[in-house]
Protein chains: 2
Amino acid sequence: MVNKSRVTQTPPVAVEDAIQRLGRNIRTARLRRRLRIEDVANRIGASRFTVADVEKGKPGASMAAYAGALWALGLLEGMSEVADPDRDEEGKTLESARSPKSAPHRRRLDNDF
Amino acid sequence: MVNKSRVTQTPPVAVEDAIQRLGRNIRTARLRRRLRIEDVANRIGASRFTVADVEKGKPGASMAAYAGALWALGLLEGMSEVADPDRDEEGKTLESARSPKSAPHRRRLDNDF
DNA sequence: CATTTATGATGATTTTAACCAACATATAAC
DNA sequence: GTTATATGTTGGTTAAAATCATCATAAATG
């Protein structure tokens, strides 16, 4: 790359830990279902190496690889709830307590793109 | 790549939808906190382009980029709960109803690597 | 309206993800 | 113990991710 991708190469520990835990969870779910890494790989159109990387919690693997693995195991639903605006109490509070001044946004204050 | 990465290039619709929803959720959370794309990018050591891709729900962006964005917004916790073995009722059922025969695994039936 | 600010879009460049072959190893089955 | 199976490891290849510069555009501000 032209420059460094710090997130992907050396993520914050919390980020690294969370991804690794997700990978372990995926592995556990796969073993419980008695599927081989290759089975999951075939279902999503990836190689066994990529799925193995996902289970290892490799930060640089694509989001699609992780989500695909979850999908192959019937566990994709949980992902949609992550950062769910309805459950983001912090964000809701900040939005309601909005001061009159506002920095320039592209489309109003909220996202309605 | 040597060959096609179907998951990353053309994921199953359910996967694509889930990722896009996650991206929208991240965007909503960021706007509520009145942060710029560049703010999030700086916090995780990425360019504004990568964070923009995340908010667009680009499947090929790295897991670290997504997790990093969540982390920058204080929303990483939710990710660890995805595919939580304790909540994987399907998996737990399959494991308890295990037949005597078993295909070769690397480390027992469970993952304890 | 002019200015400033945040983001979108495009194209080029560099690094790296995804892939594969081949071999190693650990477990299960025979 | 031998064979078969599933996964780990390594090195090398290629396509794509991540980056950046630049310009375009939309919205808040003065």
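Chain letters run A, B, ... following the sequence lines, proteins first and then strands; every chain starts at 1. Computed from a predicted structure; not experimentally measured.
Nearest nucleotide to the side chain of A:Phe49, out of C:dT7, D:dA18, C:dC20: C:dC20. The side chain of A:Arg30 lies closest to D:dT7 when the candidates are C:dA17, D:dT7, C:dT7. Checking D:dT7, C:dA6, C:dA18 against every side-chain atom of B:Arg36, the shortest atom distance belongs to C:dA6. Here the nucleotide nearest the side chain of B:Thr8, chosen from C:dA18, D:dA18, C:dG8, is C:dA18.
Place B:Asp53 and A:Arg48 on DNA chain D by their nearest nucleotides, and A:Arg48 ends up nearer the 5' end.
Backbone-only contact: B:Ala61 has heavy atoms under 4.0 Å from sugar-phosphate atoms and none from a base.
Using a distance-only test at 3.5 Å, with no hydrogens or angles considered, a donor-acceptor pair links the side chain of B:Arg30 to the main chain of B:Leu35. Looking only at distances, no side-chain donor or acceptor of B:Asn25 sits under 3.5 Å from a matching main-chain atom of B:Leu22. Between the side chain of A:Asp17 and the backbone N or O of A:Ala14, no donor-acceptor pair lies under 3.5 Å.
For the OP1/OP2 pair of C:dA28 and a distance below 4.0 Å, the side-chain nitrogens and oxygens of A:Arg34 include no atom meeting the criterion. Applying the 4.0 Å criterion to OP1 and OP2 of D:dA17, one finds that A:Ser62 has every side-chain N and O outside that range.
Under the rule for a side chain to side chain donor-acceptor pair (under 3.5 Å), A:Asn42 has no partner lying at least two apart in sequence or in another chain.
B:Lys58 has its NZ atom 13 Å from the P atom of C:dT10, to the nearest Å. Straight-line distance from the CD atom of B:Glu55 to the C1' atom of C:dA9: 16 Å, rounded to whole Å. The distance between atom CZ of B:Arg6 and atom P of C:dC20, rounded to the nearest whole Å, is 12 Å. Distance B:Met63 CE to D:dA17 P: 16 Å, rounded to the nearest Å. Going from atom CG of A:Asp39 over to atom C1' of D:dA6 covers 10 Å, rounded to whole Å. Distance CD (A:Glu38) to P (D:dT5): 12 Å, rounded to an integer number of Å. Taking atom CG of residue A:Asn42 and atom P of nucleotide D:dT7, one finds them 12 Å apart after rounding to whole Å. Following rounding to the nearest Å, B:Ile37 (CD1) and C:dA6 (P) show an atom-to-atom distance of 11 Å.
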All N/O donor-acceptor pairs, side-chain side in residues 74-85 of chain B, below 3.5 Å, sequence neighbours left out:
residue	atom	partner	partner atom	Å
B:Ser80	OG	A:Arg21	NH1	3.0
B:Asp84	OD1	B:Asp86	N	3.1

